[in-house]
2 protein chains.
Amino acid sequence: MTSIDDVPGTRDRLIAAMSDLLQRRGLHGIGLSDVLAQAHAPKGVLYHHFPGGKVELAVAAIQAAVAYMKARLDRLQATHDDPVQALRAWLDHAQKQLEQSDFERGSPLATVALESTAADHVLRQALAQAFGDIRELLTGLLSQAGVMPVRAAQLATLMVGAYEGALIQSRVAGSAQPVRDIADVLLEWVRCEMKPKTDQQEPESTHP
Amino acid sequence: MTSIDDVPGTRDRLIAAMSDLLQRRGLHGIGLSDVLAQAHAPKGVLYHHFPGGKVELAVAAIQAAVAYMKARLDRLQATHDDPVQALRAWLDHAQKQLEQSDFERGSPLATVALESTAADHVLRQALAQAFGDIRELLTGLLSQAGVMPVRAAQLATLMVGAYEGALIQSRVAGSAQPVRDIADVLLEWVRCEMKPKTDQQEPESTHP
DNA sequence: TTGACAATAGACCGACTGGTCTATAGAATC
DNA sequence: GATTCTATAGACCAGTCGGTCTATTGTCAA
């Protein structure tokens, strides 16, 4: 996904390049030349597929990231009976990806969110939708696990926030420790939240 | 603090301007011209006080932010008997500042952290130190409250992460709801962590 | 007054930015 | 083959970037 031209169509290559670079350096930190070089595409083709230029491409990358995350969460939810273990698998994957990229690739959402101004309506709208979608996914997973809806929404917000905050700390520390610590505490607590409601869970196992 | 030239010396004005702009738009999102205009200073004076240019000024702003936060946390710790209430006051203040700036001012650390590359040694070093300092402060507060040291360190990491993640979500949502939700859940849980160790707490009151 | 030095002031520069524009290549339809 | 439309290709532009450089001013010591 990160590598050279896997030749899946120019448009998709542009989105993939933008997505990768957004995670590493943010929207203002990269030039169109960086994106074009990484996608092996000339400038004209960018404005052909994305008349809105840099911002429109960034929005596409954000939406692609959400779609990817949704697909992965759905798959995990189908694979694991215990929702907490599904969450654990999700966080483990994030940690692995972070380590594989030498702690340079995190979330493409957080960086753009912090760079954006109130004047950047399009970006803000896309980001609001993206964060809302992810929270909704997690809320569904949690309430399906027996957490009360209102509470589930609160926990989902916390999970998203803690996740982003963990990536930030791991990135500057150059260590997976923060992500590990946060995941451990968070999942432990989430399991507590579920206990009172339902007791029909797997034979209880902490992470490997 | 945010306002016009309060004339506390050019150097401090530059730091204040950089600090404000880092929170709003990040390091790459602002030009030196923005900083200089906001500080009412010509370009020469910047390179006189900060020969390292933009980056050195950013580092100074980061360090100033940490010092400010440390001073505030110390004060809160002295004011409140119940450490959880001190944390509550801390988070309430953050929420208030966020609302007062129309959700545009968050943390100057997170943005720069996400924009920085492994090649930006100076920035990374300053950020690692900054996050480490803040975690240390919170760890101290928590262990003083009776939480076991190792556990306190984990919780501190989670608090910092959740705090940053809350600011991100509130910013794009244009609402204080995420910050409120996260603060509520977090403090509730932290109080749980303390209960088993010590029982000598104030007559238990949730936030106003 | 003179000299030394910190601070202020802004003109200036090459490099690079996002974006536009024209030219060409490829594919599909008639 | 002619025509049309999508896709590719990159030259080009005005504007901005961070940074350097040369004055000029203010201040204290001699």
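Naming convention: chains lettered A, B, ... in sequence-line order (proteins, then strands); numbering from 1 in each chain.
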Legend entry - salt bridge (Lys or Arg N to Asp or Glu O under 4.0 Å) partners of residues 144-161 of chain B, not counting sequence neighbours, each pair once: E188(A)-R151(B), R151(B)-E193(B)
Legend entry - Separation of dT16(D) P from R25(B) CZ (nearest whole Å): 13 Å
Legend entry - L123(B) CG to dG18(D) P, straight-line distance once rounded to whole Å: 14 Å
Inset, instruction - Any pair with a residue in residues 143-182 of chain B that passes ring-ring contact (aromatic ring centres under 6.0 Å, His included), sequence neighbours left out, goes on the list, sorted by first then second residue, please. - result: W90(B)-Y163(B)
Legend entry - Nearest-Å distance for atom pair NZ/C1', residues K54(B) and dT20(D): 17 Å
Could you list, one pair per line, each protein nitrogen or oxygen that sits under 3.5 Å from a nitrogen or oxygen of nucleotides 22-28 of chain D, together with the distance?
none

Legend entry - Salt-bridge present (K96(B), D92(B); N to O < 4.0 Å): no
Inset, instruction - Indicate yes or no: at least one non-hydrogen side-chain atom of I134(A) is less than 4.5 angstrom from one of L73(A). - result: no
Legend entry - Pairs satisfying side-chain hydrogen bond (donor to acceptor under 3.5 Å, both in side chains), at least one member in residues 58-67 of chain B, at least two apart: none
Inset, instruction - Return the value, rounded to whole Å, for the distance between atom CG of L46(B) and atom P of dG10(C). - result: 14 Å
Inset, instruction - Output every pair passing ring-ring contact (aromatic ring centres under 6.0 Å, His included) with a member in residues 101-125 of chain B, not counting sequence neighbours, ordered by first then second residue. - result: none
Inset, instruction - Provide, to the nearest angstrom, the distance between the NE2 atom belonging to H28(A) and the P atom belonging to dG18(D). - result: 12 Å
Inset, instruction - Quick one: which residue pairs count as a side-chain hydrogen bond (donor to acceptor under 3.5 Å, both in side chains) with a foot in residues 167-179 of chain B, not counting sequence neighbours? - result: R135(A)-Q169(B), Q177(B)-R180(B), Q177(B)-D181(B)
Legend entry - Interatomic distance where CG belongs to L36(B) and P belongs to dG19(D) [whole Å]: 11 Å
Inset, instruction - Only pairs at least two apart or in different chains count here, so list each salt bridge (Lys or Arg N to Asp or Glu O under 4.0 Å) that has a residue in residues 69-78 of chain A. - result: K70(A)-D74(A)
Inset, instruction - Pick base, sugar-phosphate or nothing for I30(A), based on heavy-atom distances below 4.0 Å to the nucleic acid. - result: sugar-phosphate
Inset, instruction - With sequence neighbours left out, write down each residue that passes side chain to side chain contact (heavy atoms under 4.5 Å, CB included) with A60(B), or none if nothing qualifies. - result: I15(B), F50(B)
Inset, instruction - Find the distance L27(A):CG to dT17(C):C1' and express it as a whole number of Å. - result: 13 Å
Legend entry - Contact list for residues 26-55 of chain A, test salt bridge (Lys or Arg N to Asp or Glu O under 4.0 Å), sequence neighbours left out: R25(A)-D34(A)
Inset, instruction - Output the residues of residues 109-120 of chain A in contact with DNA chain D, where contact means a heavy atom of the residue under 4.0 Å from an atom of the strand; sort by number or write none. - result: none
Inset, instruction - Return each pair, listed once, that meets salt bridge (Lys or Arg N to Asp or Glu O under 4.0 Å) where at least one residue sits in residues 112-121 of chain A; pairs must be two or more places apart or across chains. - result: none
Legend entry - Phosphate OP1/OP2 of dG18(C): any S33(A) side-chain N/O under 4.0 Å: no
List every contact pair, protein side and nucleotides 5-9 of chain C side both N or O, where the distance is under 3.5 Å.
| residue | atom | partner | partner atom | Å |
| --- | --- | --- | --- | --- |
| dA7(C) | OP2 | H48(B) | NE2 | 2.6 |
| dA7(C) | O5' | H48(B) | NE2 | 3.3 |
| dT8(C) | OP1 | T10(B) | OG1 | 2.4 |
| dT8(C) | OP2 | H49(B) | NE2 | 3.0 |

Legend entry - Whole-Å gap separating P (dC12(D)) and OH (Y47(A)): 18 Å
